[in-house]
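Values below: all heavy atoms of this structure, side chains included; hydrogens, waters and symmetry mates excluded. The chains referred to below are lettered A, B, ... by the order of the sequence lines, with proteins before strands, and numbering in each begins at 1.
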Amino acid sequence: MPESFQAPIGTRDVLPPESARWQALVAGFAGLAGRAGYGLVQGPVFEDLGVFQKVGASTDVVRKEMYDFEDKGGRRLALRPEGTAGVVRAFIQHRPTTPWKVWYAAPNFRYERPQAGRYRQHHQLGVEALGSDDPDLDVEVVSIAADLYASIGLRRVELGLNSLGDATCRPRYRAALVEHLAARAGDLCDEHRTRWEENPLRVLDCKRAPCAAATADAPVMIDHLCDPCAAAFERVQVGLRALDIGFVVRPRLVRGLDYYRRTTFEFAATALEGAQDAVGGGGRYDGLAELLGGPPTPGIGFGVGIERILLACDAEGAFPTPAATVDAFVVDVTGGDAARDLTALLRRSGIAVDRAFGGRSMKAQMKLADRSGAAVAVLVGEAELSAGTVTIRRMAEGGGQAQSARDDVVAGVRRALAEAAPR
RNA sequence: GUGGCCGUAGCUCAGUUGGUUAGAGCGCCGCGUUGUGGUCGCGGAAGUCGGGGGUUCGAGUCCCCUCGGUCACCCCA
């Protein structure tokens, strides 16, 4: 038996008709981002391993989920686990003028066990805006994500908001948190008992009961913000309220990557059962460009998971897969020349046309015409062939049909399409 | 990385305490006389029962291994 293959673990094929949803989603996002002045950025799907290691040394994403490999030249590379690091690397490499606002739709890779809403290759829509620390930019970025959900009819999305402070107040807060944790280290969960010092903030976000109990009365960042950070956080909230974007402040929201500063946020789809309800998230990363060897440059962005939002749409019955249809279907039982020539002619006139192949019976071709969703069928039999005509049939029930000179087929089909009741 | 459940036609699944040529629905293909779809009727193609090994007179049905799927934990999109 010949060996056969299937898609690698945690990956999947997106085929028609479902793929039409992707097209519609990405096109809609491109419109939203474009109208806000964001241009498309297309970066490599893999980067120098160091780009990601620098950015998240203490995070799960980098520590245990990296899809890394060595190429034939001995370079250590990694399939990108998230979008921001590569974009910042590109920013540093090309030094575009700021503010630099870009969007992307691209695959990300994480080596972990797949489950509902989680894949080794998943796809994110996102934006990144570098070069300004104006909190109104935070509002713009968050609003693009919120508008995306709204534009596809996703209603049950909850925005969680937090501030993680900056280089001034974060260390002070961190010291207070460390003091709190040190007194309770023995009570933490198995993983954090020994690792809590590496990234104390993450303990706040740990879902396990021991950590939750030990941090119940722990100090939170937003109570320790310095004046500029507090002012910025306030300005962000004012802006979101002004734009009618609902949110809840979640002081324990920490997020997976450790480069975040000040504003961080996460969108959760409440229609999704189980743990995979995060449909998007992001935040400000003012120290990141410097960390990657570039000039100090503030930045903020978000990523939303395409698979996740489609899953959430399914749960809400929103954003259904658009029906794939053509305008017309050419049926030819005279040998194929007419089908070949008429489909090309009609398509070149801007009409969406399909046809049958393989010299099938008229009955079979009509069945395909019906299934194609075409509003009209263009029939060519021996009679039409010798008369130099075509039969244009409206496929809707009781639609009727009429002869048309073959030379007028384009106009005839256009007319029939205009008259045909929408199916 | 750890654990639960599952693996029978393209899809969704039935398959009695292991027993003759493995089934259904949907889908697909054809036919229902003169060139016409959607409904209906009839017929047809299609499965080495995930793979390998074992027990047995005999295994889709029991045991082991393996691969894959799925869900959950951790974490995240």
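- One P atom belongs to G10(B), the other to U66(B), and the distance between them is 28 Å to the nearest Å.
- Defined by atom type and a distance below 3.5 Å, a donor-acceptor pair is missing between the side-chain atoms of R250(A) and N162(A).
- Checked against salt bridge (charged side-chain N to carboxylate O under 4.0 Å, His left out), E70(A) has the following partners two or more places apart in sequence or in another chain: R76(A).
- For the C1' atoms, the distance from A45(B) to A9(B) is 11 Å, rounded to whole Å.
- Within the nucleic acid shown, E384(A) comes within 4.0 Å of at least one base atom, counting heavy atoms only.
- R80(A) contributes atom CZ, which lies 15.0 Å from atom OH of Y67(A) (distance to the nearest 0.5 angstrom).
- At the heavy-atom level, D205(A) lies under 4.0 Å from the strands shown only through sugar-phosphate atoms.
- K363(A) comes within 4.0 angstrom of a nucleotide base, judged by non-hydrogen atoms across all strands.
- Rounded to an integer number of Å, the gap from CE of M395(A) to P of U39(B) is 12 Å.
- Rounded to whole Å, the separation between the C1' atoms of G37(B) and C29(B) comes to 16 Å.
- With ring centers used as reference points, Y285(A) lies 6.0 Å or more from Y260(A).
- For RNA chain B, if you chain together Watson-Crick or G-U pairs that step i with j, i+1 with j-1 and so on, the runs of at least three with distances under 3.5 Å are B:1-7 with B:67-73, B:10-13 with B:23-26, B:28-32 with B:40-44, B:50-54 with B:62-66.
- Taking the P atoms as reference points, C67(B) lies 15 Å from G51(B), given to the whole Å.
- When each of I309(A) and K367(A) is assigned the nucleotide of RNA chain B bearing its nearest heavy atom, the one mapping closer to the 5' terminus is K367(A).
- No hydrogens or angles were tested; on distance alone, a donor-acceptor pair under 3.5 Å links the side chain of Q401(A) to the base of U36(B).
- Residue R63(A) places no side-chain N or O under 4.0 Å from the OP1 or OP2 atom of C74(B).
- Nucleotide A77(B) holds its C1' atom 9 Å from the OH atom of Y149(A), rounded to whole Å.
- With hydrogens and angles left out, the side-chain atoms of E290(A) and T297(A) include no donor and acceptor closer than 3.5 Å.
- Within the 4.0 angstrom heavy-atom criterion, base atoms lie near G117(A).
- Residues Q403(A) and T391(A) bring a donor and an acceptor atom of their side chains to less than 3.5 Å of each other.
- Donor-acceptor pairing under 3.5 Å is recorded for the side chains of T263(A) and D138(A).
- Comparing G398(A) and L368(A) by the nucleotide of RNA chain B whose heavy atom lies nearest to each, the residue mapping closer to the 5' end is L368(A).
- At a cut-off of 3.5 Å, with distance as the only test, a side-chain donor of H180(A) or R184(A) sits close to an acceptor on the other residue.
- Separation of the C1' atoms belonging to G47(B) and G23(B) is 11 Å when rounded to the nearest angstrom.
- Spacing between atom CG of L148(A) and atom C1' of A77(B) amounts to 13 Å, rounded to whole angstrom units.
- Within 4.0 Å (heavy atoms only), V279(A) reaches sugar-phosphate atoms of the nucleic acid but no base atom.
- Within the structure, ring pair (Phe, Tyr, Trp, His ring centres under 6.0 Å) contacts touching residues 13-59 of chain A (residues at least two apart or in different chains) are W22(A)-H123(A), F29(A)-W103(A).
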Q | Nucleotide-resolved protein contact map, nucleotides 1-7 of chain B, B/S/- at heavy-atom distance under 4.0 Å | A | BBB----
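- Minimum atom distance to the side chain of Y119(A) is reached by A77(B), of the listed G69(B), A77(B), G35(B).
- Across the protein-nucleic acid pair, D370(A) atom CG and G38(B) atom C1' stand 5 Å apart, rounded to whole Å.
- Taking every side-chain heavy atom of M362(A) into account, G35(B) is the closest of G37(B), G35(B), A77(B).
- Distances from the side chain of R202(A) to the nucleotides C31(B), C76(B), C29(B) place C76(B) closest.
- Side chains of R261(A) and S163(A): no donor on one and acceptor on the other come within 3.5 Å.
- The same atom, C1', is picked in G58(B) and in A22(B); the two are 16 Å apart, to the nearest Å.
- Nucleotides G25(B) and G43(B) place their P atoms 11 Å apart, quoted to the nearest Å.
- Contact annotation: R371(A) reaches the phosphate of C29(B) (side-chain N/O to OP1 or OP2, under 4.0 Å).
- Counting non-hydrogen atoms under 4.0 angstrom, E82(A) reaches nothing in the nucleic acid.
- Regarding E307(A), its CD atom lies at a distance of 13 Å from the P atom of U70(B), rounded to whole Å.
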Q: List the steps, then state whether side chain to side chain donor-acceptor pair (under 3.5 Å) holds for R252(A) with T215(A).
A: CA-CA 10 Å; R252(A) 307 165 75 88; T215(A) 61; 2.6 Å; yes
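- Among the protein residues, R360(A) comes within range of the sugar-phosphate backbone only, with heavy atoms under 4.0 Å from sugar or phosphate atoms but none that close to a base.
- Taking the side chain of E266(A) as heavy atoms from C-beta on, and the options G37(B), G35(B), A77(B), the nearest nucleotide is A77(B).
- Taking the P atom of each, C26(B) and C40(B) are spaced 9 Å apart, rounded to whole Å.
- Here the P atom of nucleotide C76(B) and the CZ atom of F52(A) are 18 Å apart, to the nearest Å.
- The side chain of A364(A) approaches G30(B) more closely than any other nucleotide in the set G30(B), U36(B), G68(B).
- Counting only heavy atoms from C-beta on, A116(A) has its side chain closest to C71(B) among C71(B), G38(B), U36(B).
- When the P atom of G38(B) is taken as reference, atom CE of M366(A) falls 9 Å away, rounded to whole Å.
- Computed from coordinates, the Q276(A) CD to A77(B) P distance equals 11 Å when rounded to whole Å.
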Just list the side-chain donor-acceptor pairs under 3.5 Å for residues 315-330 of chain A, sequence neighbours left out, or say none.
unit_1	atom_1	unit_2	atom_2	d
E316(A)	OE1	R155(A)	N	2.9
E316(A)	OE2	R156(A)	N	2.8
D327(A)	OD2	A352(A)	N	2.9

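- The base of C76(B) lies close enough to the side chain of R308(A) for a donor and an acceptor atom to sit less than 3.5 Å apart.
- R174(A) pairs by the side-chain contact (heavy atoms from CB on, under 4.5 Å) definition with V178(A), P200(A), not counting sequence neighbours.
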